[in-house]
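Not measured: the values here are computed from a predicted model. Counting starts at 1 for both ligands and their atoms, following the listed order. Hydrogens, waters and symmetry mates play no part in the numbers below; they use all other heavy atoms, side chains included.
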Amino acid sequence: MSKTDWRIGVAGLGTVGGGLLEFLLERPGFSPTGGQAIVTGISARTRARPRPFDISNIPWFDDPVALARSPENDIFVELIGGFEGPAKDAVEAALLAGKPVVTANKALLAHHGAELARLAEAKGVPLLFEAAVMGGVPAVKIMREAMVGDDILSVAGILNGTCNYILTEMEATGRAFADVLADAQRLGYAEADPTTDVGGFDAAHKITLLAALAFGCAPNFAATEVEGIDQIDLMDIRLAKDLGYRVKLVASAERSEDGVLVRVHPSLAPMAHPLAQAGGALNALFIEGQRIGRIFVQGPGAGARPTAAAVAADIADVMTRAVRPVFQKPASELKPFTPVDPSKSMGRAYLRFMVKDEPGVIAAVSETLAEAGVSIESFLQKPVENADGVPIVLTTHAVAESVLMAAIERIANLSSVLDRPRLLRIARI
Ligand SMILES: NC(=O)c1ccc[n+]([C@@H]2O[C@H](COP(=O)([O-])OP(=O)(O)OC[C@H]3O[C@@H](n4cnc5c(N)ncnc54)[C@H](OP(=O)(O)O)[C@@H]3O)[C@@H](O)[C@H]2O)c1
């Protein structure tokens with residue numbers, strides 16, 4: 001093993017970049033190669049911003065692209081974020097300069113992963129992104145390295161800590177989504193603009209990357225079905241609990257003969273299931289391989305120290321001079337997967353209908369479901385305080401999504417139904 005020292009350029013000194021800088025300044029000799037990782041250039045938006053570490057002796061670059069191109073560093077680390085603009089420009093510039101790149105940027109790779117992989121491969125340099133998925137949990141390494149001797153059938157899990165925190169707090173405190181989100185923003189668990197997290201897009205970026213690694217295809221964000229938690233009603237969290245389930249934002253990717261289905265939905269997990277038990281800001285993931293069977297990993301999906309540790313592990317990989325395909329297959333062979341039509345997918349569901357409190361309503365709902373071909377598994381009718389009407393809640397047996405949607409539409413048109421029916425899928429886990 002070569003004991004060569006490596007010079008590191010770090011663009012972005014926020015939560016992750018700051019955590020990485022603190023680590024590298026304190027432990028430059030962390031790599032198992034025995035070489036030193038020395039920070040030889042940094043870039044951020046505002047040079048004058050006070051930072052909890054001393055940067056006075058490290059060369060500063062106003063332009064991250066100039067840092068990426070600088071001959072004064074051997075590895076470029078991108079921790080700015082965003083799928084366009086300076087992050088993309090700088091990563092491209094570093095790869096074009098033939099420099100290994102480490103990034104935590106899932107948005108960038110979910111949107112431009114295939115073209116960046118081709119560029120990295122053309123230059124024969126690694127492009128590593130362990131920190132982009134599940135922060136400190138080594139999900140990417142499990143998929144990219146440990147499972148190459150298997151054929152992955154599916155992955156499913158909780159990939160966004162902010163949403164998991166909000167759902168956990170809603171259930172524990174009985175407060176509404178907007179209240180808990182405001183608290184999460186005050187505590188720094190949620191961004192000022194929470195759309196990427198609560199709209200499900202961050203989890204969608206991550207499952208897009210896991211699907212690419214699992215099935216050896218190009219990241220295909222456009223084919224990912226995305227639903228966030230912003231429409232989740234406290235009533236559904238409570239009623240699901242009465243039925244023995246917990247609401248989680250579940251991201252999943254599964255392969256079948258028809259193609260690949262990648263989706264993010266608020267979903268119900270049985271209360272005793274490990275996904276239901278992963279509370280607060282935790283992330284959790286099941287990986288199912290044809291030979292290995294099921295693997296479950298859980299841990300901190302964000303935060304300065306866990307995420308910086310994952311970035312450092314990638315830097316150590318570069319220092320070993322290992323170069324693997326970015327997404328499991330040579331980039332020249334990467335193709336977008338064939339998306340499965342979600343309406344054909346089979347699954348169980350939780351349905352809630354707000355109805356007038358009058359005789360015959362339950363019969364009308366259950367007859368409409370039966371006529372449409374939806375079979376009921378369990379049923380609950382429970383008055384709820386301060387609600388217009390009475391909720392009828394039921395879970396179904398497995399049914400094609402197209403059949404379910406048609407049944408919901410018919411029930412929505414019944415005169416005794418007061419509001420849009422609410423559908424939550426029961427996670428296939
Ligand atoms: N936060 C997490 O726990 C976490 C976990 C996993 C992955 N990630 C990913 O890691 C990346 C960084 O996230 P973060 O949370 O560390 O973000 P952050 O705290 O907002 O930090 C962003 C950094 O980028 C700098 N920056 C912004 N625009 C720039 C520009 N035009 N030129 C140069 N620098 C610029 C900022 O400069 P100033 O400091 O001067 O404002 C700041 O240092 C993102 O891709 C994110 O998705 C984050």
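For Arg69, the CZ atom is loosely surrounded, since the number of other residues' heavy atoms within 6.0 Å does not exceed 12. Around CZ of Phe177, the count of heavy atoms belonging to other residues, nucleotides or ligands within 6.0 Å exceeds 12. The environment of CD in Glu191 is sparse: at most 12 heavy-atom neighbours from other residues, nucleotides or ligands sit within 6.0 Å. Atom CZ of Arg305 has 12 or fewer heavy atoms from other residues, nucleotides or ligands within 6.0 Å.
Of the candidates Lys141, Arg324, Arg144, Asp317 forms a salt bridge (Lys or Arg N to Asp or Glu O under 4.0 Å) with just one, namely Lys141.
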Anything under 3.5 Å between an N or O on ligand 1 and a protein N or O? List each pair with its distance, or write none.
from: ligand 1; atom 1: 3 (O); to: Gly303; atom 2: N; distance (Å): 2.7
from: ligand 1; atom 1: 16 (O); to: Thr15; atom 2: N; distance (Å): 3.1
from: ligand 1; atom 1: 16 (O); to: Val16; atom 2: N; distance (Å): 2.9
from: ligand 1; atom 1: 19 (O); to: Thr15; atom 2: N; distance (Å): 2.9
from: ligand 1; atom 1: 19 (O); to: Thr15; atom 2: OG1; distance (Å): 3.3
from: ligand 1; atom 1: 34 (N); to: Arg45; atom 2: N; distance (Å): 3.3
from: ligand 1; atom 1: 37 (O); to: Arg45; atom 2: N; distance (Å): 3.0
from: ligand 1; atom 1: 39 (O); to: Arg51; atom 2: NH1; distance (Å): 2.8
from: ligand 1; atom 1: 39 (O); to: Arg51; atom 2: NH2; distance (Å): 3.3
from: ligand 1; atom 1: 40 (O); to: Arg45; atom 2: N; distance (Å): 3.1
from: ligand 1; atom 1: 40 (O); to: Thr46; atom 2: N; distance (Å): 2.7
from: ligand 1; atom 1: 40 (O); to: Arg51; atom 2: NH2; distance (Å): 2.9
from: ligand 1; atom 1: 41 (O); to: Arg45; atom 2: NH2; distance (Å): 3.2
from: ligand 1; atom 1: 41 (O); to: Arg49; atom 2: NH1; distance (Å): 2.8
from: ligand 1; atom 1: 43 (O); to: Leu13; atom 2: N; distance (Å): 2.7
from: ligand 1; atom 1: 43 (O); to: Gly14; atom 2: N; distance (Å): 3.0
from: ligand 1; atom 1: 47 (O); to: Lys106; atom 2: NZ; distance (Å): 3.1

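Counting only distance, with no hydrogens or angles, the side chain of Arg348 and the backbone of Ala398 share no donor-acceptor pair below 3.5 Å.
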